[in-house]
Amino acid sequence: EAALSRRYVLCEVVSEDPRCRQCIEDRAVGLAVRDAIARVHGDYGLACCSISFTVKYLNAYTGTVLLRCRKDFYRLLCSALPFVRQLESRNQRYPCSLHTLHVGGTIRTCQKFLIQYNRTQLLMLLQNCTNEEERRCIQKSLLSCSLTKEQSPSGDEEDDDGIE
């Protein structure tokens, strides 16, 4: 079972180029991350991280990316993420960076973290509202920040190994 232990790394794609959003796709993110790992840790690091590495979830609208890797090598992966400098799509390169938000033992803990994170972001937006219409929209969004239960009544997935 220890061989199946995984870590999920929740990241945010940060870019000043608005066109970058259109090229956020699994393949582009996966290639950019693998390229950064190879540059930072060489072939050995790339081989270690490639075992069960995958882009599990991606939301191009929010720029949220969830990466999965083996628990033994998540530190190698995380240490290479700051070296992602661009995403490439259709022979176009878009400068960007990956900002690590959270590392968790299950997808569910990452979802819970993301809900809290989004709530915090919305509260900051709420403080900067310029009119009542904006304020109402953001308050409505805040109220909709929750995790819908899609699992069996027994609860969570595998154990978190204390990483929160």
Side-chain angles (χ1 to χ4, degrees), residues 6-43 45-70 73-131 133-147 163-164:
R6 309 207 194 289
R7 283 291 168 260
Y8 296 90
V9 182
L10 186 65
C11 302
E12 181 176 44
V13 178
V14 181
S15 178
E16 306 214 346
D17 187 344
R19 296 171 304 160
C20 185
R21 290 261 189 249
Q22 69 198 28
C23 76
I24 300 175
E25 51 190 36
D26 296 32
R27 195 175 156 277
V29 172
L31 287 171
V33 171
R34 282 188 177 90
D35 177 61
I37 294 168
R39 279 186 284 124
V40 176
H41 299 295
D43 292 342
L46 182 60
C48 289
C49 290
S50 291
I51 302 167
S52 96
F53 169 78
T54 186
V55 177
K56 284 299 283 181
Y57 170 79
L58 189 138
N59 184 327
Y61 181 69
T62 61
T64 306
V65 177
L66 187 65
L67 306 172
R68 184 192 74 194
C69 67
R70 290 244 323 255
F73 304 117
Y74 85 91
R75 285 184 182 90
L76 273 179
L77 171 69
C78 289
S79 66
L81 293 178
F83 296 92
V84 171
R85 295 189 187 107
Q86 65 188 14
L87 289 178
E88 203 169 322
S89 178
R90 296 178 213 92
N91 295 323
Q92 288 285 326
R93 290 183 176 154
Y94 302 95
C96 69
S97 62
L98 287 181
H99 174 225
T100 303
L101 299 174
H102 181 75
V103 177
T106 64
I107 291 176
R108 189 161 178 82
T109 58
C110 291
Q111 286 176 321
K112 287 177 182 175
F113 173 85
L114 191 56
I115 288 165
Q116 250 340 100
Y117 177 77
N118 287 339
R119 217 178 248 152
T120 307
Q121 299 294 94
L122 285 168
L123 282 168
M124 284 171 21
L125 283 174
L126 192 59
Q127 290 171 346
N128 298 324
C129 280
T130 54
N131 63 46
E133 183 58 33
E134 265 183 14
R135 184 176 292 282
R136 268 197 298 276
C137 285
I138 293 171
Q139 284 172 333
K140 187 178 175 190
S141 296
L142 266 167
L143 291 172
S144 69
C145 283
S146 66
L147 191 59
I163 297 219
E164 275 297 316

Any side-chain heavy atom of [X] sitting closer than 4.5 Å to one from [Y]?
| X | Y | result |
| --- | --- | --- |
| Val29 | Val84 | no |
| Tyr8 | Leu67 | no |
| Leu58 | Leu66 | no |
| Lys56 | Ile107 | yes |
| Pro95 | Glu16 | no |

Who pairs with [X] by side chain to side chain donor-acceptor pair (under 3.5 Å), at least two apart in sequence or on another chain?
| X | result |
| --- | --- |
| Glu25 | none |
| Gln116 | Arg119 |
| Arg85 | none |

Please say whether more than 12 non-hydrogen atoms of neighbouring residues, nucleotides or ligands are located less than 6.0 Å from [atom1] in [X].
| X | atom1 | value |
| --- | --- | --- |
| Asn131 | CG | yes |
| Arg136 | CZ | yes |
| Arg27 | CZ | no |

Donor-acceptor pair, distance only, cut-off 3.5 Å: does the side chain of His41 make one with the backbone of Leu76?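 Indeed, once roles are kept as given, a pair shorter than 3.5 Å links the two residues.
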Evaluate side-chain contact (heavy atoms from CB on, under 4.5 Å) for Arg34 paired with Phe53, printing each intermediate quantity in order. CA-CA 9 Å; Arg34 282 188 177 90; Phe53 169 78; 3.3 Å; yes
Enter the distance from [X]:[atom1] to [Y]:[atom2] here, rounded to the nearest 0.5 Å.
| X | Y | atom1 | atom2 | result |
| --- | --- | --- | --- | --- |
| Arg70 | Arg7 | CZ | CZ | 12.5 Å |
| Cys48 | Ile37 | SG | CD1 | 10.0 Å |
| Leu114 | His102 | CG | NE2 | 10.0 Å |
| His99 | Leu81 | NE2 | CG | 11.0 Å |
| Ser52 | Arg68 | OG | CZ | 5.0 Å |
| Tyr57 | Asp26 | OH | CG | 11.0 Å |

Please identify which of these residues, Val65, Val55, Leu77, meets the side-chain contact (heavy atoms from CB on, under 4.5 Å) condition with Val33. Leu77
Quick check: closest heavy atoms across [X] and [Y], and the distance to 0.1 Å?
| X | Y | answer |
| --- | --- | --- |
| Thr109 | Gly104 | OG1-CA, 3.7 Å |
| Cys110 | Leu10 | O-CD2, 3.7 Å |
| Ser15 | Cys20 | OG-CB, 3.4 Å |
| Phe83 | Arg39 | O-NH2, 2.9 Å |
| Cys96 | Leu87 | SG-CG, 3.6 Å |
| Gln86 | Ala32 | O-CB, 3.5 Å |

So Thr62 and Asn118, side-chain contact (heavy atoms from CB on, under 4.5 Å) or not? Walk me through it. CA-CA 10 Å; Thr62 61; Asn118 287 339; over 6 Å; no
Start with the C-alpha gap between Phe113 and Leu101, add the side-chain angles, then the distance that decides, and say whether side-chain contact (heavy atoms from CB on, under 4.5 Å) holds. CA-CA 9 Å; Phe113 173 85; Leu101 299 174; 3.7 Å; yes
Check against side-chain contact (heavy atoms from CB on, under 4.5 Å), Glu88 and Gln92: CA-CA 6 Å; Glu88 203 169 322; Gln92 288 285 326; over 6 Å; no
